[in-house]
Amino acid sequence: MGNSSLAPTSEINQHIWQVVSQIPPGRVATYGDIARQAGLGRGARRVGAALRGLPGKTRIPWHRVVNAGGAISLPAGSDGRYRQIMRLRAEGIEVSDSGRISLARYRWDPGITEPAAL
DNA sequence: AACATGACTCCAC
DNA sequence: AGTGGAGCCATGT
């Protein structure tokens with residue numbers, strides 16, 4: 001067989017999406033967290049690209065992924081940014097109007113599969 | 001193959 | 001908390 005060390009982009013994306021779908025409601029994870037969980041090392045940017053490729057009607061909880069600073073990474077003024085903030089608040093997560101979230105309170109621990117306790 | 005781009009991250013001010 | 005610059009990884013031209 002030829003190159004067996006690299007999987008097609010579509011498969012990598014699918015793997016990333018699978019990890020993202022493991023984030024329980026009421027919790028968030030950073031791009032870096034997802035990358036590490038997916039075995040991509042420092043591929044945080046790769047995670048962003050995978051989420052960008054999601055269809056609009058997906059049921060993958062992409063909104064639970066924020067950057068290392070605990071902030072929404074989608075461009076200011078974009079529909080996605082507004083939608084992400086609304087969906088997070090709908091799950092009981094506090095999000096400031098500037099799109100900031102407390103990682104100390106809501107960051108997902110891969111060992112736990114339950115929603116954040118209030 | 002070189003260069004630009006981006007839903008990233010770290011560090012210094 | 002906000003801003004700017006360098007580093008990082010994969011894609012698209």
Side-chain angles (χ1 to χ4, degrees):
Chain A
M1 297 251 296
N3 65 21
S4 55
S5 59
L6 291 179
T9 298
S10 60
E11 285 189 15
I12 294 180
N13 283 351
Q14 205 165 354
H15 185 54
I16 290 174
W17 297 339
Q18 184 187 328
V19 174
V20 170
S21 57
Q22 287 172 37
I23 307 171
R27 285 196 180 280
V28 299
T30 69
Y31 294 92
D33 288 341
I34 301 302
R36 188 166 172 64
Q37 278 296 298
L40 298 175
R42 304 182 186 81
R45 303 193 77 144
R46 186 68 192 67
V47 173
L51 294 187
R52 183 172 63 75
L54 279 171
K57 314 197 69 170
T58 185
R59 63 183 182 68
I60 304 292
W62 55 269
H63 58 284
R64 295 178 190 143
V65 183
V66 300
N67 66 36
I72 304 292
S73 253
L74 286 157
S78 66
D79 285 357
R81 183 176 181 106
Y82 176 75
R83 193 176 302 121
Q84 180 166 19
I85 292 176
M86 294 308 284
R87 292 183 71 167
L88 287 173
R89 284 177 173 165
E91 296 184 352
I93 295 177
E94 284 183 35
V95 186
S96 74
D97 290 339
S98 58
R100 293 191 60 74
I101 298 156
S102 167
L103 289 181
R105 274 186 69 182
Y106 301 110
R107 194 178 204 169
W108 172 51
D109 181 328
I112 302 176
T113 326
E114 295 173 38
L118 300 179

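Throughout, a chain's letter reflects where its sequence line sits, starting with A, and its residues are numbered from 1.
If you check every strand for non-hydrogen atoms under 4.0 Å, A49(A) touches nothing. Among the protein residues, T9(A) comes within range of the sugar-phosphate backbone only, with heavy atoms under 4.0 Å from sugar or phosphate atoms but none that close to a base. Base engagement by R52(A) is indicated by at least one non-hydrogen atom pair under 4.0 Å involving a base atom. Heavy atoms of R100(A) sit under 4.0 angstrom from primed sugar atoms or phosphate atoms, though from no base atom.
Rounded to a whole Å, the OH atom of Y31(A) is 16 Å from the C1' atom of dC9(C). Across the protein-nucleic acid pair, N67(A) atom CG and dA1(C) atom P stand 12 Å apart, rounded to whole Å. Rounded to whole angstrom, the span from the CD atom of Q84(A) across to the P atom of dA7(B) amounts to 12 Å. Atom CD1 in I72(A) sits roughly 19 Å away from atom P in dG6(B) (whole-Å rounding). Between the CD1 atom of I34(A) and the C1' atom of dA10(C) there is a distance of 18 Å, rounded to whole Å. Rounded to whole Å, the distance from CG on L51(A) to P on dG6(B) is 16 Å. Computed from coordinates, the L40(A) CG to dT9(B) P distance equals 13 Å when rounded to whole Å.
Between the side chains of D33(A) and T30(A), at least one donor N or O sits under 3.5 Å from an acceptor N or O.
A donor-acceptor pair under 3.5 Å is formed between the side chain of W17(A) and the backbone N or O of A50(A). Not one N or O on the side chain of R81(A) forms a donor-acceptor pair closer than 3.5 Å with the backbone of P75(A). Checked by atom type and distance alone, the side chain of Q84(A) pairs as donor or acceptor with a backbone atom of H63(A) at under 3.5 Å.
Counting atom types as modelled, R45(A) pairs a side-chain N or O with a base atom of dC8(B) as donor and acceptor under 3.5 Å.
In this structure, of dC8(B), dC10(B), dT11(C), it is dC8(B) that holds the atom nearest to the side chain of S73(A).
The shortest distance between the side-chain N/O atoms of R42(A) and the OP1/OP2 oxygens of dC9(C) is below 4.0 Å.
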